[in-house]
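Both counts, for ligands and for their atoms, begin at 1 and track the order of listing. None of these values were measured; they are calculated from a predicted model.
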Amino acid sequence: MISPTQFPPSLWFATAEPLDDFPTLNFQESCDIVVVGAGFTGLRCALLLANAGRKVTVIDNKQPGWGASGRNGGAANPLLPFNSPDEVRKKLGQEAGNKLLHAAMNSANELFDIIHSNDIDCDAVQPGWVRTAHYSGAAKVFREQCRQWQEIGADIDLLDTEAVYEITGTRAFSMGALVKQGGNIHPLKYARGLAKVVVKAGATIFGDSPASHIQKHGEKWRLHTEHGHITADQVVLATNGYSDDLWPDLKRSIVPLISVQLATEQLSEGLSASILPQRHTLSDTRRVIYYGRKDAENRFLLGGHGFTEQFGDHPDYERVKQEAVTLYPQLKSVKWKYQWNGRLAITHDHLPHLHEPNDGILTGLGFNGRGVAMSNVMGRVMAERILGKNPRDLDVPITPMRNYPLQRFYRLGLPLVVNWMRFRDNQELRKG
Ligand SMILES: Cc1cc2nc3c(=O)[nH]c(=O)nc-3n(C[C@H](O)[C@H](O)[C@H](O)COP(=O)(O)OP(=O)(O)OC[C@H]3O[C@@H](n4cnc5c(N)ncnc54)[C@H](O)[C@@H]3O)c2cc1C
């Protein structure tokens with residue numbers, strides 16, 4: 001069984017059904033496709049390939065869902081973060097831009113379809129996502145972004161102060177939008193459930209098997225772990241914010257950002273009824289974003305940007321708790337029972353990236369904090385590419401892998417940038 005020390009001490013780990021450890025790779029194996037990373041992206045890709053009759057092996061540093069996929073806020077929100085539809089088309093061109101926009105718009109539905117069609121028990125609900133403008137000056141841009149998404153078919157209603165309050169229970173925001181496809185899941189239950197479906201489809205999963213290097217082996221690729229190796233026609237790298245030196249350029253193409261998460265004890269019925277009563281997800285337009293939801297047992301969760309990878313007490317967690325009480329003063333004396341964190345991946349253009357850095361190597365990453373739904377799209381797109389779909393018809397364009405500008409300095413520079421963004425957010429919040 002999984003030992004408690006292997007997973008972060010999250011609400012999700014405490015409440016998911018345990019899953020037997022997948023064995024370590026300690027022999028030589030060959031297959032058609034080896035997938036590195038057993039998060040949402042890698043598992044979705046593996047599932048489609050196994051269903052198409054390919055021999056698939058998945059390996060992970062730890063166990064399925066150990067990365068961001070088992071630690072996130074579980075907010076399955078569609079659309080793309082940071083970029084408006086016009087900006088996406090400007091960056092990618094009309095055709096590729098529109099494909100990505102439609103895939104992103106439908107990403108939450110795609111996720112809930114996988115959950116329902118495979119009967120994955122993961123507390124999935126789809127009541128909608130409320131995105132709020134954090135100050136009145138953001139309202140104009142916010143309305144325009146909503147208009148552009150509505151134009152391509154997104155089901156979004158603009159909300160005034162009263163309507164935001166009715167759905168969220170907070171009066172902190174003067175306006176917002178209800179994106180109806182949004183919802184939430186128990187992410188570790190989903191990751192483990194998906195892993196079981198992948199195995200049922202015929203793929204093999206190895207845990208506790210960090211891949212150390214990849215080398216060309218004749219026409220194939222050989223992936224080495226400490227105790228074994230796998231020879232395959234195709235390698236899929238689905239390592240996102242946990243990308244390491246396995247394919248060094250990959251690590252340099254993103255900035256791994258830390259997000260911290262907190263969850264309260266179970267709220268009393270009265271308290272629970274006053275906060276997100278229908279279990280919508282909530283986030284706002286701040287540069288340093290906060291995002292919240294309730295779980296199936298009426299605990300309130302809030303997440304935000306942080307710097308620590310510790311699970312013990314740290315100012316990052318205190319800051320998120322204070323923010324929760326600002327949004328919901330009724331949480332003042334509630335106990336916070338869980339705190340944890342994880343790494344997500346930011347790309348230079350804030351778009352998800354699909355790269356093919358060599359024949360037989362494919363990688364998809366960079367969900368910029370919106371990966372619960374979008375990672376499943378990326379997994380599908382990579383499987384479609386491997387099964388022969390023309391690159392022009394893929395929902396995510398294949399682009400060259402480029403270093404994130406000044407990536408080497410992110411550890412030094414990031415705190416400065418984040419603190420500056422937080423300062424600007426606070427100034428705007430004060431304007432109201
Ligand atoms: C705290 C937190 C909260 C978040 N909240 C939300 C949210 O509410 N909504 C939302 O949409 N998104 C959220 N995200 C982002 C979302 O979780 C991710 O975008 C998504 O899970 C990425 O999935 P993935 O499968 O690509 O990567 P991951 O789940 O990170 O999986 C990568 C896997 O690769 C493995 N790996 C790496 N290198 C190797 C190697 N060399 N050998 C073997 N295995 C390797 C790792 O062990 C890991 O399991 C959050 C992220 C974090 C960290």
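- In this structure, the protein non-hydrogen atom closest to atom 21 (O) of ligand 1 is Ser69 OG, 3.0 Å.
- Scanning the protein heavy atoms around atom 42 (N) of ligand 1, the nearest turns out to be Ala211 N, 2.9 Å.
- Here the protein heavy atom with the shortest distance to atom 41 (N) of ligand 1 is Asp244 OD2, 2.8 Å.
- Heavy-atom contacts of Arg343 reach the following atoms of ligand 1: 53 (C) (cutoff under 4.0 Å).
- Taking any N or O of Asp60, backbone or side chain, at least one lies under 3.5 Å from an N or O belonging to ligand 1.
- Shown in contact with Arg71 at under 4.0 Å from a heavy atom are these atoms of ligand 1, numbered in order with element: 1 (C).
- Looking at ligand 1, you'll find an N or O of Gly371 within less than 3.5 Å of one of its N or O atoms.
- The Gln261 neighbourhood of ligand 1 comprises atoms 1 (C), with distances under 4.0 Å to a heavy atom of that residue.
- Between Arg319 and Tyr290, the side chains place a donor N or O and an acceptor N or O closer than 3.5 Å (distance only, hydrogens not considered).
- The shortest heavy-atom distance from Gly74 to ligand 1 is under 4.0 Å.
- Looking only at heavy atoms of the protein, atom 22 (C) of ligand 1 is closest to Asn240 ND2, 3.6 Å.
- Arg286 has a carboxylate O that lies under 4.0 Å from a charged side-chain N of Glu323, or vice versa, which qualifies the two as a salt bridge.
- For Asn72, a nitrogen or oxygen atom sits less than 3.5 Å from a nitrogen or oxygen atom of ligand 1, counting backbone and side chain alike.
- Contact detail for Ala191 and Gly65: the closest heavy-atom pair is CB-CA, 3.7 Å.
- Note that Arg192 lies in the cation-pi zone of Phe7, set by a 6.0 Å cut-off to the ring centre and a 45° limit from the axis.
- Looking at Pro187, Ala68, Pro8, Ala75, it is Ala75 that brings a heavy atom closest to atom 9 (N) of ligand 1.
- Protein heavy atom at the shortest distance from atom 44 (N) of ligand 1 is Asn61 N, 2.9 Å.
- Taking the charged nitrogens against the carboxylate oxygens, Arg54 and Asp32 have no contact shorter than 4.0 Å, which rules out a salt bridge.
- For ligand 1, the atoms lying closer than 4.0 Å to a non-hydrogen atom of Leu344 are 51 (C).
- For a threshold of 3.5 Å applied to N or O pairs, the pair formed by Gly73 and ligand 1 contains at least one separation below that value.
- With respect to the salt-bridge test (charged N to carboxylate O, under 4.0 angstrom), the residues Asp157 and Lys180 qualify.
- Remark: among candidates Val372, Thr41, Val36, the nearest residue to atom 10 (C) of ligand 1 is Val372, based on non-hydrogen atoms.
- Between the side chains of Gln126 and Asn109, at least one donor N or O lies within less than 3.5 Å of an accepting N or O.
- Remark: the Asp208 side chain and the Gln63 side chain contain an N/O donor-acceptor pair separated by less than 3.5 Å.
- Between the side chains of His224 and Gln215, at least one donor N or O lies within less than 3.5 Å of an accepting N or O.
- Under a 4.0 angstrom heavy-atom cut-off, Asn77 registers as lying outside contact with ligand 1.
- Heavy-atom proximity to Ala238, at under 4.0 Å, picks out these atoms of ligand 1: 32 (C), 33 (C), 34 (O).
- Counting heavy atoms only, Ser259 comes closest to atom 52 (C) of ligand 1 of the residues Gly70, Gly369, Gly37, Ser259.
- Closest to atom 53 (C) of ligand 1 among all protein heavy atoms lies Gly342 C, 3.2 Å.
- Taking a cut-off of under 4.0 Å to the non-hydrogen atoms of Trp66, the atoms of ligand 1 that pass are 47 (O).
- Asp86 and Gln148 form a side-chain donor-acceptor contact under 3.5 Å, judged by distance and modelled atom types alone.
- Any N or O atom pair closer than 3.5 Å counts here, and Phe40 shares at least one such pair with ligand 1.
- The one candidate from Thr15, Asp121, Asp123 that meets the side chain to side chain donor-acceptor pair (under 3.5 Å) condition with Lys189 is Asp123.
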